[in-house]
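Read through the structure below, which is laid out as structure tokens, and then see the notes.
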Amino acid sequence: MLRSPRHDRLRRWWGGQAERGDAGRLEAFSDGVLAIAITLLILDVHVSRVPGQSLATALGHALPQIIGFAATFLQIGIMWANHHALFRIVDKVDQLLLLLNLVLLAGVSFLPFPAQLIASYSEGPDARTAMLLYGGVLTICALAFNIIWHYASKRGLLHEDLDAAFHRDVTIRYRIGLAGYAASTLLALLTPWLTLAVSAALALLFLLGPSPRPAFPSDEP
């Protein structure tokens, strides 16, 4: 059955695969959400002194808060850098990609909450629970990055001249990251703070972006 021009226009503008132009507005909105999330982290760092207590002792008591802030700042900062690098190679977006990006942003904006919990509950069974939640949110973020990447690849939303080796490298590294974050979450069942250390090391894997390779053949030195 032949479709009318009006049907084709509706299909382009409504539905999961409706085109939404380039990634400019998506990136601008995402930058705002990530900036707010990373700023909120410092609000949970407090130094409380009792009469007669030295500042050094008070800072020592605040060490879990400082460590939680530093580790989570690292996570969100590297997520922001990778989000920027990822959408640099996205040629156009559709409605479903916008919604998938919201899932990622939901995970990132929720991250200050478990970060505050791991600082408040640093010992005992509650520390395990807090770290499981923290690692679980990081795993959800890693899963969202994987889904966004695979969806954009399958839907042809990436730039056509993307280097094949770069694409393969990103796919492998994203899968390793997802498996690593899931495994680091489970480490909380053994030693809660091991989850924080391993997840921070995993974030450093993406310090130079989704891949150290150039995204386009013209980027070769």
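Quick caveat: nothing in here was measured; it's all calculated off a predicted structure.
- Under the 4.5 Å side-chain heavy-atom criterion for Ile, Leu, Val, Met, Phe, Trp and Tyr, Ile118 and Leu189 are members of distinct hydrophobic clusters.
- Clustering ILVMFWY residues whenever any of their side-chain heavy atoms sit less than 4.5 angstrom apart, transitively, puts Val103 in a cluster other than the one holding Trp80.
- Criterion: ILVMFWY side-chain heavy atoms under 4.5 Å apart, direct or through other members. Under it, Leu208 and Ile78 are not part of a common hydrophobic cluster.
- Few gaps surround CZ on Phe110; more than 12 heavy atoms of other groups in view lie less than 6.0 Å from it.
- Take Tyr121 and apply the ring-ring contact (aromatic ring centres under 6.0 Å, His included) test, not counting sequence neighbours, and it matches no residue.
- By the rule that hydrophobic residues join a cluster once side-chain heavy atoms approach within less than 4.5 Å of another member, Ile147 and Leu99 end up as members of one cluster.
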CA sep, side-chain torsions, deciding dist, call: Thr195, Leu138, side-chain contact (heavy atoms from CB on, under 4.5 Å): CA-CA 11 Å; Thr195 294; Leu138 289 176; over 6 Å; no
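- Between the CZ atom in Arg155 and the CG atom in Leu96 there is a gap of 8.5 Å [rounded to 0.5 Å].
- Side-chain atoms of Thr139 and Leu178, non-hydrogen and from C-beta on, do get closer than 4.5 Å to each other.
- Ile67 and Leu41 fall within a single hydrophobic cluster, where Ile, Leu, Val, Met, Phe, Trp and Tyr are joined by side-chain heavy atoms under 4.5 Å apart, directly or via other members.
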Test log, rule side-chain contact (heavy atoms from CB on, under 4.5 Å), inputs Met131 and Leu196: CA-CA 8 Å; Met131 202 63 77; Leu196 194 69; 4.2 Å; yes
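- With rounding to the nearest 0.5 Å, the separation of CG in Leu133 from CG in Leu117 is 6.5 Å.
- In this pair, Phe166 and Trp149 present their aromatic rings perpendicular. The plane angle is above 60°, beyond the 30 to 60° band.
- Interatomic distance, Ser153 OG to Ile89 CD1, rounded to the nearest 0.5 Å: 7.5 Å.
- Considering only residues two or more places apart in sequence or on other chains, His159 meets the ring-ring contact (aromatic ring centres under 6.0 Å, His included) condition with Phe216.
- The aromatic rings of Phe87 and His83 lie tilted to each other, with the angle between the two planes from 30° to 60°.
- Looking at Asp94 and Tyr151, their side chains do bring a donor and an acceptor atom within 3.5 Å of each other.
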Given side-chain contact (heavy atoms from CB on, under 4.5 Å), test Met79 with Phe145 step by step and report yes or no. CA-CA 9 Å; Met79 282 189 218; Phe145 266 111; 4.0 Å; yes
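- Between the OG atom in Ser30 and the CG atom in Leu104 there is a gap of 7.5 Å [rounded to 0.5 Å].
- Contact of the Pro64 side chain with the Glu123 side chain is not registered, since no non-hydrogen atoms from C-beta on lie closer than 4.5 Å.
- Residues passing the salt bridge (Lys or Arg N to Asp or Glu O under 4.0 Å) test with Arg213, sequence neighbours excluded: Asp169.
- Between Val47 and Leu55, some side-chain heavy-atom pair lies under the 4.5 Å cut-off.
- For the pair Tyr134 and Ala71, the tightest heavy-atom approach, listed with the atom from each and the gap, is OH-C, 4.0 Å.
- A donor-acceptor distance shorter than 3.5 angstrom exists from the side chain of Thr129 to the backbone of Pro125, with no hydrogens or angles considered.
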Leu204 vs Leu74, test: side-chain contact (heavy atoms from CB on, under 4.5 Å). Steps then yes/no. CA-CA 8 Å; Leu204 293 175; Leu74 174 71; 4.1 Å; yes
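- Of the options Val33, Ile140, Leu34, a side chain to side chain contact (heavy atoms under 4.5 Å, CB included) to Val108 is made by Leu34 and by none of the others.
- For the residue pair Tyr181 / Gln75, a side-chain donor-acceptor distance below 3.5 Å is found, with atom types taken as modelled.
- Judged by distance alone, with hydrogens and angles left aside, the side-chain atoms of Ser122 form no donor-acceptor pair with the main-chain N or O of Ala119 at under 3.5 Å.
- One finds the CG atom of Asp44 at 13.0 Å from the CD1 atom of Ile66 (value rounded to the nearest 0.5 Å).
- Residues Glu160 and Asp91 are not in side-chain contact: their nearest non-hydrogen atoms beyond the backbone lie 4.5 Å or more apart.
- Using a 4.5 Å heavy-atom cutoff, the side chains of Lys92 and Leu97 are not in contact.
- Taking CG from Leu105 and CG from Asp31, the interatomic distance works out to 9.5 Å, rounded to the nearest 0.5 Å.
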